[in-house]
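In what follows, a single structure is set out as structure tokens and then discussed.
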Amino acid sequence: MVEAALEGLYGILQWKAFLLMMVGIVISSTLVAMPGIGSKTAIALLLPIAFTLNKFEAICLIMSVWAVSNTANSITSILFSVPGGGGSQATIMDGYPMAKKGEAARALAAAFTSSAIGGIIGAIVLLVAIPILRPLVLLLGPPEFFMLVMVGIAMVGALSGKAPVKGIIAGGLGLIISMVGVHIITGLHRFTFDQIFLIDGFKLIPVTIGLFAIPELIYMGVKGTGISDLPLGDLGKGRRQGIKDAFTHRWLILRSSLIGVWVGIIPGLGSAVADWFAYGSAKQTCPGARETFGKGDVRGVIAVDAATNAKEGGSLIPTLAFGIPGSSTLALIFGGLIIVGITPGRDMLTKDLHLTFSMIWLLIIGTIITSILCLAFTRQLAMATKLRPTLMIPVILAMAVIGSFAASSRFEDVLIMFAFGTIGYFMRAGGWPRPPLLLGLVLGPIAERHMWTSVQLHGADFLWRPGVLIIFALLVVCVAYPMFQDRNAKLRAQETEA
Amino acid sequence: MKKFTGSLALGSLLAGVAAWGVANTQTANAQGFYKGKTIKMVVRSAPGGGYDFYGRLLARHMSKYIPGNPKMIVINMPGAGGIVAANYMASRAKKNGTEIAVLTRELALAQRTKEVGVKYDLEKLSALGSAASSTFLVVMGKNQPIRTYQQLKDSKKTVLFGATGPGSGSYQYPALLKKDGFNVKIITGIIGGSARFLAIERGDTHGTANSYESTRKAIKELGLIPIFYNGAPHKALPVPHMSTLLSKQGKQLAALLGAPLAAGRPFYTTSGIPADRLKTLRSAFKAALHDKDLIKEAKRAKRNVAWTAASVMEKVNHENSRCI
């Protein structure tokens, strides 16, 4: 095993392979970091080049685009409230308020650092899990998935802050919106009104951009100041503080990373869920978080970025254990790797173990290099928050339009983005929490699908499966623990008063 | 006799010269037209996946067989299971031979069942040919008793088939079996071949139907057992073709499901293209699919390449969009 590990490391440290990894990293942190352009598009464009490479070089080029895309995705989330990708939505929650407070450098540095650590943790879990990969994936069936999604929905409460009723309504609205389109299980057209662009339903990226970016633009225009009207302070100091923050909250990073890995392992939960799971869990467990989260608490950024990057290590597990890609991006990657003679599946754990190790090394090294690169540019990036609105609004608006359009090249998505921009503006103005709406949109179809399959397989008895009951217990703890904490805090406050 | 041979020779010569002349003007016309132009290759799905692979493969290799060597760019136009791209080709695309599309193989059926949003008439688009044939396969898990078609037919215990949902092949095949009197139940909502294989491995379901290309690896890795197949024959498949099984009505339905598989990756251009230009595109398409580099690339990606003529495709489309 040690030999395979060394061989894998040696393979990707060859000058040509290393150079290709750098190419992948640069593409990933510039092109893929733009909203709406996913790593899948970049990989599809790079595949023909991979035909001419050897195994290690192909791994370096193709996988690096995918492996590090999360790190740079946070940039636009933090600076402009425009998510760079599906997995970086929750970064907006505390990252953008930090930027508004003039702490953009600190937020970016914390995001990049925790992203690096999260990526490393993901890779280590993958390494440790190698002997038990198969049972780990088989542990969960549709009933358990359903209950896991319910845990996610229970987080709506946590994400609603002081307006739980409004939060539940927003979540319900998200669920309804998620139903628009062809119901994939029955083929029914729901709320499509015979409009062809509604057949595929509302896409996540235009909705998110609309909900979060457009209201900020309106506010920025009305106020007439840049993103932050507070002095930026010493940017170098902010960066140092951000790095320090990540290490101070190392247990939070570990916890969030494990959540990320877990979401990654389970094929079918989807990448847009990990960030919200981590954010919700951090909000429920960090001391004082209920007061400060959403107002620019660095812990909110750290938890999310660690989880999204750790997820990638986890998502390699089903691919390596069964030869079955955990996501469509991985299917594309392994489709490309087959061309150079790498076949996913059991061979990856025996004969080709050195290739598996090279992927693990790539996750670790790539993630560190990306974070260092991003950290190097933190100061320049943070300055963007001081630009005057007459410059910022057109730029961000263009980014929002291109991002919405690029996701599936449909003009209607731009209209959807503006429609949700209007909804988002009124929600923000009226104190309605927006994340539950997004969570409903993401989790609705997953919950529906797994419940449907569970009922077909087991009838109502699916609720009594041991796995389901264990996860349900977890759900109860998730909901009850913060309430219990609140009550304790109140009691203590009364005692001190008395 | 001599005279006759002589006139035959003269006739052939004249015909040859005439044909050469026509061909030459055609090439000259097409060359004049395509020189410095860009051909758009519209792909009916997002980047990644089979349709995208074939679209990009042809975009890389077709240009060298088109006189004038136009540039070729790929544009992904996903949506509504390929209906968006087909509508685009029928209405908005330039009708001069500079836009080519790889469209969904089941479009004819969607047209016949009058799916929401269908605004194309497949028979009005000009077919270029198909780049690959496809095979659909019914497989069972290794941890359940059924090993053959007969055992599946005679099974007293209900056999559970994982499927995405109606409209997908994974649903249509077990539905056909059910209609033919087999004791099967379809479990829907398990989306994607990989999820269905995992459901079998976990013991949730017993079998599934999937394309051979995406199942080949799972047969090796998870020990799945092929039962029978439909569509293009494969040397590596030691199981019967669906056309030799089932009842009379079942066979008819199997033939209907199998027809689009023959033209598994169909390419089209718009209507209203000058005949010589269409001919140029069709022969370039055919030549590209016999190109050594293209075949080598497809082989490395483990994708099959099989040219189907436009006329065959048109026949299948005609039958599938009109008959019954």
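Only heavy atoms go into these numbers, but all of them, side chains included; no hydrogens, no water, no symmetry mates. Treat the numbers as computed from the prediction; the structure is a model and nothing was measured. Reminder, nothing fancy here: chain letters follow the sequence lines and each chain counts from 1.
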Check your understanding: Is it the case that more than 12 heavy atoms not belonging to B/Lys94 sit under 6.0 Å from its NZ atom?
Key -> no
Exercise for review: Take atom CE of B/Met41 as the centre, draw a 6.0 Å sphere, and report whether it contains more than 12 heavy atoms from other residues, nucleotides or ligands.
Suggested key: yes
**Study point:** Interface residue of largest heavy-atom contact number with chain A, from B/Thr188, B/Leu160, B/Ile187, under 4.5 Å
**Key:** B/Thr188
Review point. Any idea which heavy atoms bring B/Arg202 and A/Pro142 closest together, and the distance?
Key: NH2-CD, 3.8 Å
Per-residue contact mode, [X] against chain A (heavy atom under 4.5 angstrom):
X: B/Ile186; answer: backbone
X: B/Arg303; answer: neither
X: B/Lys185; answer: side chain

Check your understanding: Looking at CD of A/Gln456 and CD1 of B/Ile190, how far apart are the two atoms once the value is rounded to the nearest 0.5 Å?
Key -> 8.0 Å
